[in-house]
S.K.: 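The following block contains the structure, expressed as structure tokens.
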Protein chains: 2
Amino acid sequence: MSDQKAVGRPRSAEVDEKLKRAALKLVRERGYRDVSISALIAEAGVSRQSLYNRWHSKADLVLEALTDDTEGLVQLPDPARAGSAQAALRDFLHGIFRHLALDGTTLRSLIAAAQEDPAFREALRTRFVEPREEIVTALLARAQSAGELPAGRDIRMLSAFIHGAFWYRLLNGLPLDEDTARDIAAAIFAP
Amino acid sequence: MSDQKAVGRPRSAEVDEKLKRAALKLVRERGYRDVSISALIAEAGVSRQSLYNRWHSKADLVLEALTDDTEGLVQLPDPARAGSAQAALRDFLHGIFRHLALDGTTLRSLIAAAQEDPAFREALRTRFVEPREEIVTALLARAQSAGELPAGRDIRMLSAFIHGAFWYRLLNGLPLDEDTARDIAAAIFAP
DNA sequence: ACATTTAGCAGACCGCAGTCTAAAAACTAG
DNA sequence: CTAGTTTTTAGACTGCGGTCTGCTAAATGT
């Protein structure tokens with residue numbers, strides 16, 4: 001797990017930073033599709049090869065820039081604090097939706113990019129999708145133990161329903177707002 | 001609704017056919033991403049402009065070729081025949097999944113293309129997504145009237161759950177098989 | 001017959017992605 | 001200090017998409 005290479009010129013951390021900053025800035029102001037690699041390296045002031053030394057594609061760079069920026073934002077909500085598991089789920093979803101007001105369109109583009117690139121699909125899954133899946137699954141499991149959810153319910157399928165509804169609305173251009181968060185939570189916990 | 005233009009050289013129906021056939025053939029054997037516009041028109045034996053006279057993009061052409069090919073395949077299942085609304089839903093999903101064994105990867109690419117192109121997103125919704133939504137919604141509504149589904153359940157949200165789970169699995173590269181169809185139907189009708 | 005209009009074809013053109021080459025720069029090992 | 005290794009930069013190169021131009025072909029209307 002230690003550094004592989006103690007030989008050769010070391011990577012410049014500054015170049016990393018410049019590229020990630022340029023990526024976030026340009027993607028947010030022009031949109032993912034309209035940011036070319038050429039524009040990225042021009043904005044960052046680095047060479048083309050320096051980008052490809054670090055990432056395989058624009059999608060890879062933007063994913064890292066985005067996850068760096070939202071670190072520590074996704075965490076398991078406390079049902080006791082929220083009042084109930086249903087309220088905790090609602091608040092958790094609402095928090096995610098609020099954050100997507102800024103980067104939702106970029107996330108859509110990343111999901112799109114993942115469809116044509118298996119390696120990036122894997123990266124998106126491990127860095128973005130799975131952490132959120134685990135939180136929801138844990139929340140539902142706790143709710144089921146506490147009796148807030150009937151014992152017969154299929155936790156993993158309910159988790160797929162929640163994330164699926166989220167993706168479905170995101171990718172179809174439907175709004176993700178507080179009402180949506182409330183309705184999803186209500187439907188999951190419906191008797 | 002009648003023909004707009006009674007003047008000028010008429011469009012060749014043969015060119016339409018050649019392009020759609022070429023699109024289906026190449027996309028199925030090489031995959032959407034690896035089919036270039038240049039390869040399409042070469043395979044069809046038509047000019048570049050003839051393609052752009054008819055469709056705005058590769059995605060538009062492939063969508064039409066695909067929906068032409070699967071016409072009449074999506075229809076409202078009969079719960080009486082299947083035994084129950086749950087069985088009807090399971091069979092309906094299974095039928096869709098079976099068909100996607102051939103064109104599932106192409107559908108993923110079309111969904112991806114829709115994320116970067118609002119006009120195509122609309123086309124995909126009206127030609128592909130909404131017909132399936134309506135069938136599922138009608139099925140759930142009938143089931144609710146018949147008492148197979150509790151009266152309090154939110155039909156539209158359940159429909160979003162079903163399609164969302166489908167999209168979520170499709171776009172994350174998870175298998176869509178008979179078991180998945182059964183599990184989704186079971187979770188929707190869980191007491 | 002003839003003007004008008006649209007479709008068809010071949011091919012030029014520009015911008016970009018992704019790969020590659022060559023040379024300078026920054027490090028380690030010995 | 002020297003040899004070896006990797007990063008960085010500048011820029012060339014190929015292939016493609018999408019647009020545009022010039023020309024020919026096939027229809028309509030008077």
Side-chain angles (χ1 to χ4, degrees), chain A residues 2-23 26-27 30-63 109-110 112-120 123, chain B residues 2-23 26-27 30-63 109-110 112-120 123:
Chain A
S2 64
D3 289 349
Q4 216 83 356
K5 52 198 173 213
V7 73
R9 177 172 172 172
R11 290 245 171 109
S12 158
E14 199 192 353
V15 171
D16 280 72
E17 278 312 307
K18 281 180 180 171
L19 278 167
K20 289 191 216 167
R21 264 202 304 272
L26 292 186
V27 159
R30 300 186 200 175
Y32 182 87
R33 189 197 54 182
D34 294 330
V35 176
S36 65
I37 299 281
S38 300
L40 268 172
I41 60 179
E43 171 79 21
V46 305
S47 75
R48 183 172 292 259
Q49 189 57 45
S50 290
L51 192 161
Y52 285 106
N53 277 345
R54 292 165 170 76
W55 298 281
H56 296 104
S57 62
K58 185 172 69 166
D60 263 309
L61 162 57
V62 172
L63 173 61
S109 297
L110 292 184
Q115 302 313 311
E116 305 287 13
D117 180 345
F120 179 66
Chain B
S2 62
D3 289 349
Q4 216 85 356
K5 55 207 165 198
V7 73
R9 175 171 173 173
R11 290 244 172 108
S12 160
E14 199 192 351
V15 170
D16 280 72
E17 278 312 308
K18 281 179 180 171
L19 277 167
K20 290 191 217 166
R21 263 202 304 272
L26 292 187
V27 159
R30 299 187 200 173
Y32 182 88
R33 189 195 56 182
D34 294 331
V35 176
S36 66
I37 298 282
S38 300
L40 268 173
I41 60 179
E43 170 79 20
V46 306
S47 75
R48 183 171 291 257
Q49 190 57 45
S50 291
L51 192 161
Y52 286 106
N53 278 345
R54 291 166 170 76
W55 298 280
H56 297 103
S57 61
K58 184 172 69 167
D60 262 311
L61 163 57
V62 172
L63 174 61
S109 297
L110 292 184
Q115 302 313 311
E116 305 287 13
D117 180 346
F120 179 67

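Naming: A, B, ... by sequence-line order, numbering from 1 per chain. The analysis underlying the following values was restricted to heavy atoms, covering all of them including side chains, and did not include hydrogens, waters or symmetry mates.
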S.K.: Please report the shortest heavy-atom distance between L19(A) and A44(A), naming the atom on each side.
M.R.: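 Where L19(A) meets A44(A) most closely, the heavy atoms are CD2-CB, 3.8 Å.
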
S.K.: Looking at S57(A), does any N or O in its side chain come under 4.0 Å of the phosphate oxygens OP1/OP2 on dA17(C)?
M.R.: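 Looking at the OP1 and OP2 atoms of dA17(C), neither is under 4.0 Å from any side-chain N or O of S57(A).
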
S.K.: Examine dG8(C): is either OP1 or OP2 under 4.0 Å from a nitrogen or oxygen in the side chain of R54(B)? Give yes or no.
M.R.: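 Yes, within the criterion.
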
S.K.: Below 4.0 angstrom from OP1 or OP2 of dG15(C), is there any side-chain N or O of S36(A)?
M.R.: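 So the side chain of S36(A) is outside the cut-off, no N or O lying under 4.0 Å from OP1 or OP2 of dG15(C).
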
S.K.: Measure OH/Y52(A) against P/dC16(C) and give the value in whole Å, please.
M.R.: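 Interatomic distance, OH of Y52(A) to P of dC16(C): 13 Å.
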
S.K.: In whole Å, I'd like the distance from the CD atom of Q49(B) to the P atom of dC23(D).
M.R.: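 Those two atoms, CD and P, are 17 Å apart.
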
S.K.: Which sits closer to the 5' end of DNA chain C, R48(B) or G45(B), going by the nucleotide each is nearest to?
M.R.: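 Here G45(B) is the residue nearer the 5' end.
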
S.K.: Quick check for you: among dA7(C), dT7(D), dA10(D), whose closest atom lies nearest to any side-chain atom of R11(B)?
M.R.: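 Of the candidates, dA7(C) comes closest.
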
S.K.: Atom CZ of R30(A) and atom P of dC16(C): how far apart are they, to the nearest Å?
M.R.: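 Taking CZ of R30(A) and P of dC16(C), I get 10 Å after rounding.
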
S.K.: Expressed in angstrom and rounded to an integer, what is the separation of L40(A) atom CG from dG15(C) atom C1'?
M.R.: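 Going from L40(A) (CG) to dG15(C) (C1'), I get 16 Å.
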
S.K.: Do K58(A) side-chain atoms and L40(A) backbone N/O form a donor-acceptor pair below 3.5 Å?
M.R.: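 Answer holds: no.
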
S.K.: One thing to verify: whether R11(A) and D16(A) come together as a salt bridge, which I'm taking to mean a side-chain N less than 4.0 angstrom from a carboxylate O.
M.R.: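 Between R11(A) and D16(A) there is no salt bridge, as every charged N stays at least 4.0 Å from the carboxylate O atoms.
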
S.K.: Among dT19(D), dG18(C), dA27(D), which is the nearest nucleotide to the side chain of I37(A)?
M.R.: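 Out of dT19(D), dG18(C), dA27(D), the nucleotide with an atom closest to I37(A)'s side chain is dG18(C).
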
S.K.: For K58(B) and dT19(D), give me the distance from atom NZ to atom C1', rounded to whole Å.
M.R.: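 It works out to 18 Å between those atoms.
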
S.K.: Between R9(B) and dC9(C), is there a contact of a side-chain N or O with OP1 or OP2 at under 4.0 Å?
M.R.: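 For R9(B), the contact criterion (side-chain N or O under 4.0 Å from OP1 or OP2 of dC9(C)) is not met.
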
S.K.: K18(A) NZ to dT9(D) C1': how many Å, rounded?
M.R.: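 K18(A) atom NZ is separated from dT9(D) atom C1' by 12 Å.
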
S.K.: Can you confirm whether R48(A) sits close enough to S38(A) that some side-chain heavy atom of one is under 4.5 Å from a side-chain heavy atom of the other?
M.R.: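 A side-chain contact under 4.5 Å exists here.
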
S.K.: Under 4.0 Å between a side-chain N or O of N53(A) and OP1 or OP2 of dT6(D)?
M.R.: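 No, because none of the side-chain N or O atoms of N53(A) sits under 4.0 Å from OP1 or OP2 of dT6(D).
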
S.K.: Closer than 4.0 Å, any side-chain N/O of S50(B) to the OP1 or OP2 of dC9(C)?
M.R.: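 True: S50(B) side-chain N/O within range (under 4.0 Å) of dC9(C) OP1/OP2.
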
S.K.: Please state how far atom CG in L51(A) lies from atom C1' in dC20(C), giving the value in whole angstrom units.
M.R.: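 To the nearest whole Å, that distance equals 16 Å.
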
S.K.: Could you state the CZ-P distance from R33(A) to dG15(C), rounded to the nearest angstrom?
M.R.: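 R33(A) atom CZ is separated from dG15(C) atom P by 18 Å.
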
S.K.: Would you call E43(B) and V35(B) a side-chain contact if the rule is heavy atoms closer than 4.5 Å?
M.R.: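 Answer no - side chains too far apart.
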
